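All remarks here apply to the structure that follows.
These figures come from a predicted structure and were not determined experimentally. Any value given below was found using the heavy atoms of this structure, including those in side chains, with hydrogens, waters and symmetry copies removed.
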Amino acid sequence: MKRSKRYISAQSSINRETFYVLIDAIEILKKTPITKFNQSVDIAIVLGIDASKSEQTVRGAITLPHGVGKTKRVAVFAEGEHAHKASQAGADIVGTDDLAKSIKEGVFDFDILIAMPSTMKYVSTLGQILGPKGLMPNPKLGTVSNDVEIAVKNAKSGQAIFRNDKAGIIHTSVGKINFSSDKIVDNIKTLLSEIQKLKPSSSKGLFLQKLYVSATMSPSVRIDMSGLR
């Protein structure tokens, strides 16, 4: 893959053999060549799980203390008074049949989809469309809820939704590069603590195995996990 001059310059400041203290790694990312946009700070967490076993899937959602620096577009399946409450809470799209129809037509003007249990009849027909995109509402993620106000506010306030991929790795954003280093570290530690609580009972050995941080346009930096597990 051909890399940009900016990426190569950033790569020269990172020793691939070194395990960096978390806050030092964030400082390194902040010193990489500036882009024209406010980059996201992303992490990759390698878990000690067998991702081929459904009982070892690790997924969840948590509102990070300092948010993620991005306003998420939220769609909600709700009816009547609950539809009004969802709109009042800040939902960008609220509907039932009309929302289902637009999704079937390939329109995805949202980042997060929330549904009330009573509206899952509309959602159940969309599984093959929403599932591969990671948009299927799920109670474990707080996206199936009777309290749509809280669900919408959580989604809008900086909630990180995560799920391991086929390689047993969780990828998610934990803030923006213009956040203070302390805030980014605080977000990461909060997320790691939540993930640690979700360790599957059938997962043996070291659970949080490796951690990498990167910015949108930078190489990744490997983190010293001492004191983070």
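- Nearest heavy atoms, Ser40 versus Lys176: OG-NZ, 3.1 Å.
- Residue Asp50 holds its CG atom at 13.0 Å from NZ of Lys204, rounded to the nearest 0.5 Å.
- Side-chain contact, Ser181 with Lys30: no donor N or O sits under 3.5 Å from an acceptor N or O.
- Of all heavy-atom pairs spanning Val94 and Ala78, the tightest one is CG1-O, 4.2 Å.
- Closest heavy-atom contact between Val74 and Phe110: C-CB, 4.3 Å.
- There is no path of hydrophobic side-chain contacts, each under 4.5 Å, that joins Phe19 to Ile223.
- In this structure, a donor-acceptor pair under 3.5 Å is absent between the side chains of His171 and Asp42.
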Atom pairs and distances, side-chain donor-acceptor, residues 111-123, under 3.5 Å, sequence neighbours left out:
unit_1 : atom_1 : unit_2 : atom_2 : d
Asp111 : OD1    : Arg73  : NH2    : 3.2
Asp111 : OD2    : Arg73  : N      : 2.8
Asp111 : OD2    : Arg73  : NE     : 3.3
Thr119 : OG1    : Phe77  : O      : 3.2
Thr119 : OG1    : Met116 : N      : 3.2
Thr119 : OG1    : Met116 : O      : 2.8
Tyr122 : OH     : Glu79  : OE2    : 3.2

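- Remark: Leu198 CG to Gln56 CD distance equals 13.5 Å, nearest 0.5 Å.
- Residues satisfying the side-chain hydrogen bond (donor to acceptor under 3.5 Å, both in side chains) criterion with Arg59, sequence neighbours excluded, are absent altogether.
- Annotation: the span from His84 atom NE2 to Glu149 atom CD amounts to 9.0 Å, rounded to 0.5 Å.
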Going by atom type alone, with no hydrogens or angles, which donor-acceptor pairs under 3.5 Å involve a side-chain atom of residues 126-141 and a protein atom two or more places apart or on another chain?
unit_1 : atom_1 : unit_2 : atom_2 : d
Asn138 : OD1    : Lys140 : N      : 2.7

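- Around the NZ atom of Lys199, the shell of radius 6.0 Å holds more than 12 heavy atoms that belong to other residues, nucleotides or ligands.
- As a member of the Ile/Leu/Val/Met/Phe/Trp/Tyr network built from side-chain separations under 4.5 Å, Leu206 groups with nothing else and remains a singleton.
- Note that the CG atom of Asp186 and the CG atom of Asp182 stand 8.5 Å from one another [nearest 0.5 Å].
- Contact between Lys156 and Asp92 at its shortest, heavy atoms only, is NZ-OD2, 2.7 Å.
- At distances below 3.5 Å, at least one donor-acceptor pair connects side-chain atoms of Asn187 with backbone N or O atoms of Gly67.
- Clustering ILVMFWY residues whenever any of their side-chain heavy atoms sit less than 4.5 angstrom apart, transitively, puts Val76 in a cluster other than the one holding Ile93.
- Partner Val174 forms a side-chain contact (heavy atoms from CB on, under 4.5 Å) with one of Val185, Val213, Ile43 and no other, that one being Ile43.
- Taking hydrophobic clusters as Ile, Leu, Val, Met, Phe, Trp and Tyr residues chained together by side-chain heavy-atom distances below 4.5 Å, Ile150 does not share a cluster with Val144.
- Under the 4.5 Å side-chain heavy-atom criterion for Ile, Leu, Val, Met, Phe, Trp and Tyr, Leu192 and Ile161 are members of distinct hydrophobic clusters.
- Atom CD of Glu81 is surrounded by 12 or fewer heavy atoms from other residues, nucleotides or ligands within 6.0 Å.
- With respect to the salt-bridge test (charged N to carboxylate O, under 4.0 angstrom), the residues Lys31 and Glu27 do not qualify.
- Side chain of Glu55 to main chain of Ser202: no donor-acceptor pair is present (N/O by atom type, distance under 3.5 Å, no hydrogens or angles).
- The distance from atom OG of Ser218 to atom CD1 of Ile28, rounded to the nearest 0.5 Å, is 10.0 Å.
- Taking CD1 from Ile26 and CD1 from Ile184, the interatomic distance works out to 5.0 Å, rounded to the nearest 0.5 Å.
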Can you check side-chain contact (heavy atoms from CB on, under 4.5 Å) on Gln196 and Phe207, steps first, answer last? CA-CA 8 Å; Gln196 181 68 63; Phe207 182 51; 3.8 Å; yes
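- Taking each heavy atom of Phe162 and Ala61 in turn, the nearest pair found is CE2-N, 3.8 Å.
- Ile169 belongs to a hydrophobic cluster whose other members, connected by ILVMFWY side-chain contacts under 4.5 Å either directly or through intermediates, are Val46, Tyr212.
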Verdict with reasoning, Val221 to Leu29, per side-chain contact (heavy atoms from CB on, under 4.5 Å): CA-CA 8 Å; Val221 183; Leu29 294 182; 4.0 Å; yes
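- Residues Val152 and Leu64 do not share a hydrophobic cluster, clusters being chains of Ile/Leu/Val/Met/Phe/Trp/Tyr side chains in contact below 4.5 Å.
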Hey, can you pull the donor-acceptor pairs under 3.5 Å for the side chains in residues 97-108, sequence neighbours left out?
unit_1 : atom_1 : unit_2 : atom_2 : d
Asp98  : OD1    : Thr96  : N      : 2.9
Ser102 : OG     : Leu99  : O      : 2.8

Run the side-chain contact (heavy atoms from CB on, under 4.5 Å) check on Leu211 and Arg222 step by step: do they pass? CA-CA 6 Å; Leu211 173 64; Arg222 189 168 178 178; over 6 Å; no
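- Between the side chains of Ser145 and Asp147, not a single donor N or O lies within less than 3.5 Å of an accepting N or O.
- Closest heavy-atom contact between Val21 and Asp224: N-CB, 4.4 Å.
- The shortest distance between side-chain heavy atoms of Leu47 and Gln209 does not fall below 4.5 Å.
- Remark: side-chain polar atoms of Thr172 are not paired, donor with acceptor, to backbone N or O of Ala160 under 3.5 angstrom.
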